[in-house]
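First up is the structure itself, then whatever we jot down about it.
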Amino acid sequence: MSKILRVNMTDLTARYQDVPVKYKLMGARWLTSSMVSDEVEPTCHPLGPTNKLVFAPGIVTGTAAPTSARISVGSKSPLTGTIKESNAGTKFSPMLAKLGIKAVVVEGQPKEGMWYLLEVTKDGARLLPATDLAGKGAYATTNALIKRYGKVGVCCIGLAGEMKMAMAGVCFNDLSDRASRYSGRGGLGAVMGTKGLKAMVVDNKDGPGVSIANQELFGQGCKKLTEALQTHAITKPKGALNTYGTAVLINILNEAGGLPTRNFASGTFEGAPKIAGEAIFEGNKQRLGKELYNHACSPGCIIQCSNTWHNPDGSEQVSCQEYESVWAFGANCGIDDLDVTAELIRISNDLGVDTIESGGTIAVAMEGGLAKFGDGQKAIELMQEIGKGTPLGRILGQGAAFTGRALGLVRVPGVKGQNMPAYSPRAVKGIGVTYMTSTQGADHTIGYTIAPEILSVGGKADPLSPEGKAELSRNFQIATAFLDSTGYCVFIAFAILDIPKGFEGMVQSCAAVLGTNWTADDVTRIGKEILRKERAFNEAAGFTRADDRPPEFMRYEALPPHNKLWDIPNKALDSVWDF
Amino acid sequence: MIEIYLYGKLRRFARDQDPTGYSVVHSIVQAGDSIQGVLKRLGIPMEEVGRNIFLNRQYSALTRRVKDGDRLAVFPDNMQLLYSWYFVKVGEDHEVKKDKS
Ligand code: SF4
């Protein structure tokens with residue numbers, strides 16, 4: 001029997017509830033967004049007592065389905081003011097699922113300055129004082145909990161979450177118990193901070209496990225998906241992701257003229273090859289004296305894209321130098337040194353902040369004259385300032401939009417207050433449409449998935465036309481909303497995009513767990529339902545189509561090397577929501 | 001003359017093979033040359049060439065024509081990580097039709 005765990009931080013109780021019928025088939029984003037929509041007043045203050053924080057494993061999480069150990073965290077975002085879902089790969093998620101827990105809902109607010117730890121085992125859940133953990137970084141917190149509890153899933157916040165900063169993320173432990181996996185975007189760590197919840201540990205020992213309604217179908221589905229993942233050039237062992245990690249995209253986007261450089265002033269970075277996936281592979285090889293392939297962030301991942309970066313003496317410096325993080329602190333800040341990006345990522349992981357928002361903020365600070373582009377030492381000092389909680393640190397900790405306002409800047413590349421990730425909208429217009437129209441602010445993972453030919457979403461618009469771009473973005477956002485609900489990592493998209501059997505297997509595995517007969521049509525139906533719910537929440541919170549717009553400078557500052565402006569008409573952006 | 005930037009295992013066809021830098025080769029352009037024609041002439045095995053090919057920073061099909069002064073970048077098959085569904089390939093349908101006629 002699966003259940004929902006309600007943690008009330010006002011009266012410090014934790015109790016189980018049966019899963020209401022309407023939530024029975026849901027998982028991850030579908031469930032977090034539904035619960036936030038049902039239970040959170042859209043106009044509430046994100047840091048106030050009536051906001052809630054919902055954690056949910058995916059539909060197949062905790063089963064033998066490959067690459068499916070994701071957890072979704074949902075709430076109203078302090079960064080964007082919209083609904084938010086941010087997911088991460090971690091052992092924490094399957095452990096919750098194997099205890100039969102479909103969601104953990106954290107609500108209420110304790111007395112200011114009180115910190116708690118939530119302990120979840122098969123025997124129940126309880127809140128304990130966590131005064132000893134308060135004031136500790138995410139690394140020290142995670143290490144202390146692993147030492148105390150052993151084999152557990154850990155979730156925690158760092159100092160940024162304690163200080164309720166809008167760039168604070170929620171941290172989870174990876175397979176080797178590093179505090180390195182983040183539900184980073186949207187300031188969800190600050191919401192956890194307002195709840196006085198410093199950390200959670202989950203131990204699934206002797207738990208019931210995840211029940212599967214149709215074992216035979218499940219086996220077939222997983223087999224098809226596994227085959228697709230193991231044969232596709234990107235996802236197979238020693239394929240692109242496993243060898244070079246996502247940072248192989250640095251050189252690729254640079255060649256496409258779409259690598260945002262120096263706060264989105266250019267689409268190419270001359271130092272790109274020095275910080276790309278190949279350079280990471282080569283750097284580690286030289287320092288370790290052997291080739292190092294990437295590892296899994298979470299149990300059961302067969303893609304294994306997560307990397308480590310090593311010091312000159314061979315010791316581990318940080319995990320992980322992935323594309324978005326290396327870009328944010330690298331090209332976007334004009335920095336071409338992997339040791340510097342590694343240190344900036346390490347500081348971010350420890351403070352508990354989103355690397356995309358942090359890098360974007362440092363780039364904006366550079367634009368505003370607080371440091372020169374390319375000055376790695378100064379970038380490190382600015383990040384340290386955040387941890388000290390100085391007035392400047394408090395400003396930076398609120399993210400790029402807030403920092404830009406404090407510095408009187410116009411070139412602030414965000415949508416709905418969230419800084420853009422590593423694809424320049426003026427060069428890659430389709431992803432720009434997704435940034436502008438997503439329910440969650442500028443986000444690259446939200447429209448990331450299956451090609452329209454595989455999904456029966458229909459549509460024949462020319463992808464070169466503005467209408468065609470809107471239609472593509474809509475279809476991607478619909479399919480991604482479903483994928484984000486399954487527990488599968490979005491990187492399976494590469495394989496299921498090209499291999500229809502893999503896609504079929506993915507849908508079958510979900511249907512088999514739940515005992516439904518879902519097909520591709522249901523993927524579309526459910527994806528639309530999720531988007532409509534999220535959009536309705538935002539509208540009730542006061543958002544209109546006028547918020548689905550690019551930062552204005554992109555309309556009049558041409559981006560080299562293509563020298564293109566943002567020229568997609570507003571009505572094309574609005575048409576994304578015509579469904 | 002056309003400049004060809006090679007990445008990953010394809011760097012072996014350039015003199016400078018440093019994986020943290022640019023590996024560039026130059027080639028003469030012949031009349032009617034396509035990207036594929038140029039790569040074949042350099043002796044690059046086509047099965048090692050991925051779909052992430054950029055001509056003058058545009059995501060391009062192998063059949064696209066090249067001309068003097070172009071900048072071509074080629075990634076091998078084990079590096080084609082572009083989220084290609086957001087990019088429109090230049091030169092594909094158009095060129096295929098032309099080749100057939
Ligand atoms: S593909 Fe990468 S990010 Fe996704 S689950 Fe595997 S290791 Fe984690």
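This one's a predicted model, so the numbers in the text were calculated from it and none came from an experiment.
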Self-check item: N254(A), part contacting chain B, at a heavy-atom distance under 4.5 Å
Solution: both

Quiz item: Roughly how far apart are F75(B) CZ and I252(A) CD1, rounded to 0.5 Å?
Solution: 5.0 Å

Quiz prompt | Straight-line distance of Q58(B) CD to H562(A) NE2, nearest 0.5 Å | solution = 6.5 Å

Quiz item: Which heavy atom of F269(A) sits nearest a heavy atom of Y22(B), and at what distance?
Solution: O-OH, 3.7 Å

Practice problem: Specify which of I234(A), N251(A), N242(A) makes the most heavy-atom pairs with chain B at under 4.5 Å. | Solution: N251(A)

Practice problem: Let me know if T243(A) has heavy atoms under 4.5 Å from chain B in its side chain, its backbone, both or neither. | Solution: neither

Exercise. Identify which of V433(A), I275(A), T268(A) forms the greatest number of heavy-atom pairs closer than 4.5 Å to chain B.
Key: T268(A)

Practice problem: Find the distance between CG (L249(A)) and CD (Q80(B)) and round it off to the nearest 0.5 Å. | Solution: 11.5 Å

Practice problem: Kindly compute the distance separating CD (E255(A)) from CG (N52(B)), expressed to the nearest 0.5 Å. | Solution: 11.0 Å

Quiz prompt | Residue part contacting chain B, namely of A256(A), when any heavy atom lies under 4.5 Å | solution = both

Quiz prompt | Heavy-atom neighbours of K9(B) NZ exceed 12 at 6.0 Å | solution = yes

Exercise. Return the minimal non-hydrogen interatomic distance between P273(A) and G21(B), and the atom names on each side.
Key: CB-O, 3.5 Å

Self-check item: Contact check, side chains of P19(B) and F281(A), non-hydrogen atoms, under 4.5 Å
Solution: no

Self-check item: Nearest heavy atoms of A279(A) and T20(B), plus distance in Å
Solution: CB-CG2, 3.7 Å

Quiz item: Between P561(A) and R57(B), which heavy-atom pair has the shortest distance, and what is it?
Solution: CG-CD, 3.6 Å

Exercise. Answer yes or no: is there an ion pair linking D18(B) with K274(A), defined by an N-O contact shorter than 4.0 Å?
Key: no

Quiz prompt | Proximal component of Y7(B), with respect to chain A [non-hydrogen, under 4.5 Å] | solution = both

Quiz prompt | Atom group of E282(A) that falls short of 4.5 Å from chain B, counting heavy atoms | solution = side chain

